[in-house]
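When a residue number appears, it is its place in the shown sequence, counting from 1.
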Amino acid sequence: QMKLVESGGGSVQAGGSLRLSCAASGYTYSTYCMGWFRQAPGKEREGVAALFTGGGSTYYADSVKGRFTISQDNAKNTLSLQMNSLKPEDTAVYYCAAAATYCSGNYMLPKGDFRYWGQGTQVTVSS
């Protein structure tokens with residue numbers, strides 16, 4: 001059973017940066033689609049960024065392109081999300097998720113395709 005544990009959330013002023021990490025364990029398959037989602041109060045959970053652990057292009061939501069960077073550290077089994085130039089509208093609970101399937105950089109897999117989820121970490125950006 002795959003387990004995902006997020007860390008790195010917190011509070012920051014607009015324009016600041018945060019780096020989220022997701023420690024993964026309990027792999028069953030050799031490759032996964034790994035993604036970051038976020039959910040703001042009263043809103044649906046939305047996909048922010050994703051990558052395929054086997055390599056290839058990455059996906060970013062239009063709202064975060066040029067500001068967020070998703071990356072993986074295979075040696076540490078860690079997925080990261082570097083968030084720069086943060087805006088108040090980035091405030092949300094951020095979730096790490098994994099799907100045992102391929103994904104490309106052209107689109108975000110539906111959240112229903114992601115079987116494994118972390119517990120979430122709060123990011124608060126003040127103006």
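Residue pairs meeting the disulfide bond (SG atoms under 2.5 Å apart) criterion with at least one member in residues 42-101, sequence neighbours excluded: C22-C96. Sorted by first and then second residue, the salt bridge (charged side-chain N to carboxylate O under 4.0 Å, His left out) pairs involving residues 81-102 (not counting sequence neighbours) are R38-D90, R67-D90. Sorted by first and then second residue, the salt bridge (charged side-chain N to carboxylate O under 4.0 Å, His left out) pairs involving residues 20-35 (not counting sequence neighbours) form an empty list. Residue pairs meeting the salt bridge (charged side-chain N to carboxylate O under 4.0 Å, His left out) criterion with at least one member in residues 105-126, sequence neighbours excluded: E44-K111. For residues 68-77, no pair satisfies side chain to side chain donor-acceptor pair (under 3.5 Å), with sequence neighbours left out.
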Are L79 and L51 close enough, and set up right, to give a side chain to side chain contact (heavy atoms under 4.5 Å, CB included), and what steps lead you there?
-> CA-CA 9 Å; L79 183 75; L51 59 76; 4.0 Å; yes

Can you check side chain to side chain contact (heavy atoms under 4.5 Å, CB included) on R45 and W117, steps first, answer last?
-> CA-CA 12 Å; R45 193 171 297 188; W117 292 84; 3.3 Å; yes

Show the numbers, then the answer: is there a side chain to side chain contact (heavy atoms under 4.5 Å, CB included) between M34 and L4?
-> CA-CA 10 Å; M34 301 292 296; L4 304 172; 4.0 Å; yes

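Under the 4.5 Å side-chain contact rule for hydrophobic residues, L20 and L86 share a cluster. Cluster membership for Y94 and Y59, using ILVMFWY side-chain heavy atoms within less than 4.5 angstrom, is not shared. When hydrophobic clusters are built by joining Ile, Leu, Val, Met, Phe, Trp and Tyr residues whose side-chain heavy atoms come closer than 4.5 Å, directly or via intermediates, L81 is not grouped with F37. Side-chain heavy atoms closer than 4.5 Å link hydrophobic residues (I, L, V, M, F, W, Y) into clusters, and following such links, possibly through other members, connects M2 to W36.
To the nearest 0.5 Å, the span separating CD1 on I70 from CD on Q82 amounts to 12.5 Å.
Evaluation of the salt bridge (charged side-chain N to carboxylate O under 4.0 Å, His left out) rule for R19 yields no partner, not counting sequence neighbours. Scored by the side chain to side chain contact (heavy atoms under 4.5 Å, CB included) test, A99 finds C33, T101, L109, F114 as partners (sequence neighbours excluded). Taking S11 as the reference, nothing meets the side chain to side chain donor-acceptor pair (under 3.5 Å) condition, with sequence neighbours excluded. With sequence neighbours excluded, the residues forming a side chain to side chain donor-acceptor pair (under 3.5 Å) with K65 are D62, listed by chain and number. By the side chain to side chain donor-acceptor pair (under 3.5 Å) test, T124 is found to be paired with Q122, residues two or more places apart in sequence or in another chain being considered. Residues passing the side chain to side chain donor-acceptor pair (under 3.5 Å) test with Y32: none are found, sequence neighbours excluded.
Contact record, M108 with A49: CE-O, 3.7 Å, taken as the closest heavy-atom pair. Across G47 and A61, no two heavy atoms sit closer than the pair O-CB, 3.6 Å. Minimum interatomic distance between S85 and S17 (heavy atoms only, all atoms of both residues): N-OG, 4.3 Å. Minimum interatomic distance between S127 and A14 (heavy atoms only, all atoms of both residues): CA-CB, 4.3 Å. Contact detail for V125 and T91: the closest heavy-atom pair is N-OG1, 2.9 Å. Closest approach of T78 to S80, counting heavy atoms only: CG2-OG, 4.0 Å.
With Y95 contributing its side chain and E6 its backbone, the two residues share no donor-acceptor pair below 3.5 Å. Using modelled atom types, no side-chain atom of T121 and backbone atom of S7 make a donor-acceptor pair closer than 3.5 Å.
For Q13, the CD atom is loosely surrounded, since the number of other residues' heavy atoms within 6.0 Å does not exceed 12.
Y102 belongs to a hydrophobic cluster whose remaining members, ordered by chain and number, are F52; membership requires side-chain heavy atoms of ILVMFWY residues under 4.5 Å apart, directly or through intermediates.
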